[in-house]
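Worksheet: the structure to be examined is printed underneath.
Protein chains get the first letters and strands the later ones, always in sequence-line order, with residue 1 at the start of each.
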Amino acid sequence: MMRDIEPVFYQRVVRLIKNIPKGKVATYGQIAEYAGNRRAAREVSYILHSSSEKENLPWQRVINSKGRISMKPGRGYELQKQLLQDEGVVFDEEDRVDFDKFLWQP
DNA sequence: AACCTGACTTCGG
DNA sequence: TCCGAAGCCAGGT
């Protein structure tokens with residue numbers, strides 16, 4: 001499934017995501033940057049899409065740079081939001097997460 | 001190879 | 001703040 005994505009990059013992404021503490025969130029770009037390729041946000045997305053179950057990743061803790069959930073209603077949005085709320089993450093009236101409070105700072 | 005798509009991001013108006 | 005466009009990288013057709 002992973003094929004040509006740099007194995008090192010892949011491993012780093014997996015490790016970083018597993019390190020996001022409960023109740024915190026990270027952005028795709030943030031993970032990509034810490035993994036060594038700040039332009040690979042879409043690859044982070046791809047890794048989550050393809051390996052979340054296999055790697056047992058807390059996939060719900062990765063959201064977009066706007067502080068919103070990227071998945072669309074009916075295709076995962078509700079589940080992700082519920083999982084985050086269950087661990088204490090708060091969404092404002094604009095459906096955004098306050099990075100000052102919830103962004104993961106390694 | 002060409003083209004489309006996506007759980008992305010940045011920048012300009 | 002809010003789009004739209006452009007940049008980005010891989011995978012699927």
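No side-chain donor from either of A:N19 and A:Y34 sits under 3.5 Å from a side-chain acceptor of the other. With no hydrogens or angles considered, a side-chain donor-acceptor pair links A:E87 and A:Q60 at under 3.5 Å. For the 3.5 Å distance criterion, the side chains of A:Y10 and A:E55 qualify, holding a donor opposite an acceptor.
Between the NZ atom of A:K72 and the P atom of B:dG6 there is a distance of 6 Å, rounded to whole Å. Regarding A:N37, its CG atom lies at a distance of 13 Å from the P atom of B:dT9, rounded to whole Å. Distance NZ (A:K66) to P (C:dG4): 12 Å, rounded to an integer number of Å. When the C1' atom of C:dT1 is taken as reference, atom CG of A:D92 falls 13 Å away, rounded to whole Å. Taking atom NE2 of residue A:H49 and atom P of nucleotide C:dG12, one finds them 10 Å apart after rounding to whole Å. Protein atom CD1 of A:I47 is 13 Å distant from nucleotide atom C1' of B:dC8, rounded to whole Å. Whole-Å rounding puts the A:Y28 OH to B:dC8 P distance at 5 Å. Rounded to an integer number of Å, the gap from OH of A:Y10 to P of C:dG11 is 12 Å.
The nucleotide whose nearest atom lies closest to any side-chain atom of A:R42 is, among B:dT9, C:dC2, C:dG7, C:dG7. The side chain of A:R39 lies closest to C:dC8, out of C:dC8, C:dC2, B:dC8. Side chain of A:E43, nearest nucleotide from B:dA7, C:dC2, C:dA10: C:dA10.
To the nearest whole angstrom, the two C1' atoms, one in B:dG6 and one in C:dC8, are 12 Å apart. Spacing of P atoms, B:dC4 relative to C:dA5, comes out at 16 Å, to the nearest Å.
Of the possible donor and acceptor atoms, one in the side chain of A:T27 sits under 3.5 Å from a partner among the backbone N and O of A:Q30.
Distances shorter than 4.0 Å separate none of the side-chain N or O atoms of A:S45 from OP1 or OP2 on B:dC8.
Residue-level contact check: A:R75 touches the backbone only, with heavy atoms under 4.0 Å from sugar-phosphate atoms and none from bases. A:G76 comes within contact range of no nucleotide atom at all, as no heavy-atom separation falls under 4.0 Å. Note on A:R61: nothing from the nucleic acid sits closer than 4.0 angstrom, heavy atoms only.
A:V13 places none of its side-chain heavy atoms less than 4.5 Å from the side chain of A:Y46.
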